Amino acid sequence: MNTKTIDDLELRGKKVLARVDFNVPMTDDVKIADDKRIVESLPTIRKIMDGGGIPILMSHLGRPKGGPSPEFSLKPVAEYLGTLLSTKVKFANDCIGTETKSMVDALAVGDVLMLENLRFHAEEEKNNPEFAKQLASYGDAYVNDAFGTAHRAHASTEGVTKFLKPCVAGYLMKKEIEYLAQAVGNPKRPYVAILGGAKISGKIDVIQSLLPKVDVLVIGGGMAFTFFRAQGLEVGDSLVESEKVSLAKQILEEIKSSNRRVILPIDCIIADKFENNAQRKTVPVNKMPAGWRGLDIGPETVKLIKLEVKNAKTIVWNGPMGVFEMSNFANGTLEIAKLLAEATKAGATTIVGGGDSAAAVAQMGFESSISHVSTGGGASLEFLEGKVLPGVAALDAK
Ligand code: AMP
């Protein structure tokens with residue numbers, strides 16, 4: 001990685017402004033539903049503390065509408081972090097302002113400060129320079145460990161780097177970049193990418209970017225039906241993006257002229273309604289009856305994917321194979337999670353993009369059986385699309 005990391009920082013006595021991604025799911029009674037993102041940033045926070053530095057942590061949580069709203073407060077997260085670190089985490093009720101500045105000035109080695117939700121100020125997402133400058137004024141150095149937000153040029157991820165040096169990556173950021181960069185630039189072969197999810201429109205760029213790089217591309221999920229329509233198949237009431245059918249045709253042509261293998265489902269689980277308890281049948285994809293909809297890949301497709309995954313040395317997976325939120329249509333997605341866990345055991349490098357596929361892996365309890373489960377859905381997708389992430393680009397080069 002040609003970006004400087006926290007290992008390149010002199011930490012002793014330094015106030016280290018660290019952008020973390022503590023945008024964690026919360027329950028209705030304001031408890032943390034999944035602490036993965038917090039836990040994954042602990043090595044960076046501990047490194048700052050163990051090196052004699054003072055972490056000043058900043059994050060967003062949820063989508064507040066540019067003003068304070070208690071349900072999006074980071075206070076419970078700061079308290080939870082305190083229990084993980086076995087220390088009291090101080091909390092600033094606003095991320096900017098004179099009170100916060102006084103709290104920062106009074107910090108001593110051994111302290112940890114967490115700032116209130118950055119998105120209580122619209123200036124954060126607008127990347128307002130004055131706002132960024134205030135944040136930057138708190139630290140002697142900047143660490144970005146918020147991979148999940150690295151695809152956004154916000155004040156705390158990009159703007160701040162114009163007013164504060166040095167700017168380096170934390171350990172979580174480093175791990176994410178290293179795994180994804182290997183998959184994009186230097187994969188061990190055979191290299192299999194498995195893409196699913198609802199719509200082609202969200203995945204076009206990643207399909208086109210990965211197609212020349214992979215040995216095998218597997219396409220599942222709702223977006224497969226737009227490809228089937230492009231092939232002239234009956235798709236019943238399945239999810240189809242009519243305006244993307246010609247694009248799907250074009251991609252199928254591109255696939256033909258490339259020497260890549262692309263696997264589309266050969267059978268699917270269909271339902272007479274979009275409901276978990278709908279009537280279900282398993283049919284070959286060319287025998288889809290009118291009035292039914294495909295909600296998951298079928299067992300023959302899973303077998304086909306298994307053959308590819310078994311031989312692969314690198315596997316990247318983004319997007320569920322079916323409507324996995326409904327238990328009767330979750331099997332295909334869960335089987336893929338299982339296949340990846342087995343492949344990892346057999347020595348393959350397996351990478352799961354964040355979002356729904358990461359949730360499926362967690363639901364199966366397979367997280368620790370995968371080489372890398374990304375904490376950033378949108379960010380990992382953009383990385384795989386070959387885009388430069390502004391939050392990474394803004395860090396100091398080695
Ligand atoms: P994405 O955000 O594009 O990765 O899409 C994830 C969503 O795709 C999930 O909410 C799934 O329920 C949905 N999905 C996957 N397969 C299908 C399908 N066959 N029909 C409708 N929705 C699907």
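Predicted, not measured: the structure shown is a model, and the values here were computed from it. All ligand and atom numbering here is 1-based and tracks the order in the structure. Numbers for residues simply follow the sequence, beginning at 1.
- Under the side-chain hydrogen bond (donor to acceptor under 3.5 Å, both in side chains) criterion, K249 pairs with no residue, sequence neighbours left out.
- Applying the 4.5 Å side-chain rule to ILVMFWY residues, one finds V20, F22, V24, M26, V30, I32, I38, V39, L42, I45, L57, L61, L74, V77, Y80, L81, L84, L85, V89, F91, V112, M114 in the same cluster as M49.
- Residues with a heavy atom under 4.0 Å from ligand 1: G197, A198, K203, G221, G222, F225, L239, G294, L295, P320, G322, V323, E325, D356.
- Other residues, nucleotides and ligands contribute only 12 or fewer heavy atoms inside 6.0 Å of the CZ atom of R63.
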*Candidate pair F274 and D237, rule side chain to side chain contact (heavy atoms under 4.5 Å, CB included), full reasoning*: CA-CA 10 Å; F274 190 78; D237 292 342; over 6 Å; no
Just distance, no hydrogens or angles: give the donor-acceptor pairs under 3.5 Å from side chains in residues 143-153, sequence neighbours left out.
{"residue": "N144", "atom": "OD1", "partner": "A146", "partner atom": "N", "Å": "2.8"}
{"residue": "N144", "atom": "ND2", "partner": "Y142", "partner atom": "OH", "Å": "3.4"}
{"residue": "D145", "atom": "OD1", "partner": "Y171", "partner atom": "N", "Å": "3.3"}
{"residue": "D145", "atom": "OD1", "partner": "L172", "partner atom": "N", "Å": "2.8"}
{"residue": "D145", "atom": "OD1", "partner": "M173", "partner atom": "N", "Å": "3.0"}
{"residue": "D145", "atom": "OD2", "partner": "S41", "partner atom": "OG", "Å": "3.0"}
{"residue": "D145", "atom": "OD2", "partner": "T44", "partner atom": "OG1", "Å": "2.8"}

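- Under the 4.5 Å side-chain heavy-atom criterion for grouping Ile, Leu, Val, Met, Phe, Trp and Tyr, I270 is connected to L264 within one hydrophobic cluster.
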